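Notes follow once the structure below has been shown.
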Amino acid sequence: NAGVTQTPKFRILKIGQSMTLQCAQDMNHNYMYWYRQDPGMGLKLIYYSVGAGITDKGEVPNGYNVSRSTTEDFPLRLELAAPSQTSVYFCASRGGTGELFFGEGSRLTVL
Amino acid sequence: KQEVTQIPAALSVPEGENLVLNCSFTDSAIYNLQWFRQDPGKGLTSLLLIQSSQREQTSGRLNASLDKSSGRSTLYIAASQPGDSATYLCAVFSVDTGRRALTFGSGTRLQVQP
């Protein structure tokens with residue numbers, strides 16, 4: 001059972017570099033989310049999608065972009081990385097009952 | 001704006017104790033509330049999902065209750081074990097935030113001493 005798969009698990013970026021965090025789910029869920037988690041804090045919503053071709057901003061979207069060309073994939077793009085984007089990023093999808101399923105996370109450090 | 005608070009932030013108990021974790025939310029207009037477990041360096045694992053029309057859900061030694069009118073939920077863990085040591089987060093799916101997503105509390109870090 002793959003569920004929600006995130007890659008990479010770890011990444012170090014230099015300030016100003018760009019990268020894409022990949023997220024894929026095999027449960028045919030329409031709703032997908034990107035959250036970030038800073039030490040000792042809860043999760044903050046970055047972007048979400050209610051289906052292929054439809055995305056919307058969350059609480060902390062600045063510095064990020066997303067796309068949703070298929071039901072399965074929901075990549076998160078970081079442009080011009082900054083130290084404030086050092087965090088753990090979680091992708092999730094939501095089933096019909098409202099239950100949320102999370103990936104293992106991607107730990108990003110910007111130096 | 002929905003806000004979710006979890007008290008206490010950390011808790012240490014001896015093995016075998018029954019314990020209660022608290023979650024409160026400011027806006028009672030919710031679709032559901034979900035409790036998660038997070039082990040260090042890992043993702044979140046769903047424990048229990050309570051729909052707004054329900055009062056409680058049970059899974060093994062875990063029981064979660066929901067009092068929507070007072071904006072509170074509790075997670076009861078019976079006969080705690082060292083393997084229960086983790087951070088427990090609650091999250092609510094609100095009706096009127098305009099965003100169809102969960103709002104998370106900061107979590108309660110639980111340590112069960114053998």
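Please read all numbers here as calculations on a predicted model, not as lab measurements.
- Proximity to chain B (any heavy atom under 4.5 Å) is restricted, for A/Val50, to the side chain, taken from C-beta onward.
- In this structure, B/Phe104 and B/Phe36 have tilted ring planes: the angle between them lies in the 30° to 60° band.
- With a 4.5 angstrom heavy-atom cutoff, A/Phe101 does not touch chain B via any of its atoms.
- B/Leu49 touches chain A through its side chain: at least one heavy atom from C-beta onward sits under 4.5 Å away, while N, CA, C and O do not.
- B/Gln2 and B/Thr103 are not linked by any side-chain donor-acceptor pair at a separation below 3.5 angstrom, with hydrogens and angles left out of the test.
- With a 4.5 angstrom heavy-atom cutoff, B/Gln51 touches chain A only via side-chain atoms.
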Can A/Glu104 and B/Lys42 be said to form a side chain to side chain contact (heavy atoms under 4.5 Å, CB included), step by step?
CA-CA 6 Å; A/Glu104 289 284 302; B/Lys42 299 292 187 180; 3.6 Å; yes
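- A/Gln6 and A/Ser106 are linked by a side-chain donor-acceptor pair at a separation below 3.5 angstrom, with hydrogens and angles left out of the test.
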